[in-house]
**Student:** 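Shown below is the structure under consideration.
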2 protein chains.
Amino acid sequence: MSHHHLDLPQLIRAQGYRLTPQRQLVLDTLCAMSSHATASEIYEQVSAQMPALNQATVYRTLEFFVELRLIAKSDIGGQTVYELVGEQPHYHLVCRQCSHVAELAATQLADLADWLLVEHGFQADLDHVVIQGVCADCRASSL
Amino acid sequence: MSHHHLDLPQLIRAQGYRLTPQRQLVLDTLCAMSSHATASEIYEQVSAQMPALNQATVYRTLEFFVELRLIAKSDIGGQTVYELVGEQPHYHLVCRQCSHVAELAATQLADLADWLLVEHGFQADLDHVVIQGVCADCRASSL
DNA sequence: GTTCATGCAAAGCGTTTGCACGCAT
DNA sequence: ATGCGTGCAAACGCTTTGCATGAAC
């Protein structure tokens with residue numbers, strides 16, 4: 001559970017919110033899942049451990065953590081996916097043809113981010129960037 | 001109607017498809033609208049000129065043009081928006097706080113695109129890139 | 001004890017689909 | 001004449017919401 005390096009109870013309570021088993025479980029589950037997941041995938045995993053937990057709670061909990069900026073919500077190929085905001089910002093390459101998703105460290109975006117901040121005062125969330133296109137395999141097979 | 005530089009009838013018929021008044025109207029409307037628009041915004045505009053035209057037709061028509069790669073479909077701040085693919089590729093900066101959307105020419109992305117192609121064989125659609133973050137105004141007002 | 005979070009069920013919204021008719025080819 | 005595209009209405013999936021109960025503080 002890599003998110004345990006942060007003091008979750010304090011982080012939540014400091015703002016007047018409450019730490020519930022449901023919130024802990026959702027965060028743990030998202031951490032255990034390799035990478036991005038849809039709300040229903042998360043719900044499936046979570047309800048295996050806590051069957052009473054409701055889908056509405058999953059949505060509310062995810063939204064809650066998104067607002068705390070502990071998890072990121074993005075649209076990947078028409079699907080809304082959630083992901084733990086980790087130490088290593090990364091972005092996604094989504095293939096328009098096969099829907100394959102690759103993850104890349106955001107180091108290549110650093111210059112762009114700097115430029116956006118200096119020239120436009122825009123502070124980019126590098127964790128949210130999704131780039132569509134055609135992946136190497138699909139390009140090869142369409143030759 | 002800046003898209004009239006392309007031979008729409010031929011482009012469509014060459015692939016065995018048909019050019020209908022509805023398809024023309026949707027494309028003209030999207031061209032007339034300053035920039036990106038949601039399906040319902042497009043439907044409103046379009047049905048003003050052709051009241052019988054159905055929402056389902058708008059969706060089917062938009063999807064049709066997306067597949068022809070005449071228009072781009074992206075998710076901006078949770079909304080699905082459509083946009084004519086013009087001569088000048090550009091990307092969007094979306095403010096997480098005020099939802100303001102700025103457009104920038106994709107020239108700053110060119111290097112990144114080159115790098116993606118060379119290093120990962122990934123051919124990026126620069127028209128689809130959406131970057132979330134906090135805009136200059138919101139950063140200023142939160143100081 | 002107070003208030004926030006949850007469970008439940010229903011509603012909401014954007015989008016898609018099946019079918020019969022009509023129009024572009 | 002053929003068959004693709006449209007209009008209509010219903011269905012669909014994802015997400016949100018109102019309310020009463022229950023749990024965290």
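Chain naming here is simple, since letters A, B, ... match the order of the sequence lines and numbering starts at 1 in each. On a predicted model such as this, the values are computed, not experimentally measured, just so you know.
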**Student:** Which part of the nucleic acid, if any, lies within contact of A/Ala52, taking any heavy atom under 4.0 Å across all strands shown: a base, the sugar-phosphate backbone alone, or nothing?
**Tutor:** sugar-phosphate

**Student:** Which nucleotide in the list C/dG7, C/dG14, D/dT17 gets nearest to the side chain of B/Tyr59?
**Tutor:** C/dG14

**Student:** Taking atom P of C/dG7 as reference, at what distance in whole Å does atom CG of A/Leu25 sit?
**Tutor:** 10 Å

**Student:** Taking all non-hydrogen atoms of both residues into account, name the closest pair between A/Val94 and A/Val130 and its distance.
**Tutor:** CG2-CG1, 3.6 Å

**Student:** Report yes or no: do A/Gln132 and A/His92 form a side-chain donor-acceptor pair below 3.5 Å?
**Tutor:** no

**Student:** In whole Å, what is the span from the CZ atom of A/Phe64 to the P atom of C/dA5?
**Tutor:** 6 Å

**Student:** Could I get the full list of side chain to side chain contact (heavy atoms under 4.5 Å, CB included) partners for B/Glu119, not counting sequence neighbours?
**Tutor:** B/Trp115

**Student:** What is the distance, rounded to the nearest whole Å, between atom CD of B/Gln79 and atom P of D/dT16?
**Tutor:** 13 Å

**Student:** Quick one: label A/Ala39 by what it contacts on the DNA or RNA (base, sugar-phosphate, nothing), any heavy atom closer than 4.0 Å.
**Tutor:** sugar-phosphate

**Student:** Any chance the rings of A/Tyr43 and A/Tyr59 have centres within less than 6.0 Å?
**Tutor:** no

**Student:** Among C/dC8, D/dG5, C/dT17, which nucleotide sits nearest the side chain of B/Arg60?
**Tutor:** C/dT17

**Student:** Once you round it to whole Å, what is the distance between C1' of C/dG14 and NZ of B/Lys73?
**Tutor:** 11 Å

**Student:** Output the rounded distance in Å from CG (B/Asp75) to P (D/dT15).
**Tutor:** 11 Å

**Student:** Using atom CD1 of B/Ile12 as one end and atom C1' of D/dG5 as the other, report the distance to the nearest whole Å.
**Tutor:** 12 Å

**Student:** Scan nucleotides 22-25 of chain C against the protein and return all N/O pairs shorter than 3.5 Å with their distances rounded to 0.1 Å.
**Tutor:**
| residue | atom | partner | partner atom | Å |
| --- | --- | --- | --- | --- |
| C/dA24 | O3' | B/Leu19 | O | 3.4 |
| C/dA24 | N3 | B/Arg18 | NH1 | 3.3 |
| C/dT25 | OP1 | B/Arg13 | NE | 2.3 |
| C/dT25 | OP1 | B/Arg13 | NH2 | 2.8 |
| C/dT25 | OP1 | B/Leu19 | N | 3.3 |
| C/dT25 | OP2 | B/Arg13 | NH2 | 3.2 |

**Student:** Using a cut-off of less than 4.0 Å, is there contact between a side-chain N or O of B/Asn54 and OP1 or OP2 of D/dC8?
**Tutor:** yes

**Student:** Roughly, in whole Å, what's the span from CG in B/Leu62 to C1' in D/dG5?
**Tutor:** 15 Å

**Student:** Heavy atoms, side chains only, cut-off 4.5 Å: are B/Val81 and B/Lys73 in contact?
**Tutor:** no

**Student:** Do the two ring centres, one from A/Tyr17 and one from A/Phe64, sit under 6.0 Å apart?
**Tutor:** yes

**Student:** Distance check needed: D/dG3 P versus B/Gln15 CD, whole Å only.
**Tutor:** 20 Å

**Student:** Would you say B/Thr80 places a side-chain N or O within less than 4.0 Å of OP1 or OP2 belonging to C/dT15?
**Tutor:** yes

**Student:** At under 4.0 Å, does any side-chain N or O of A/Gln55 touch on OP1 or OP2 of D/dT16?
**Tutor:** no

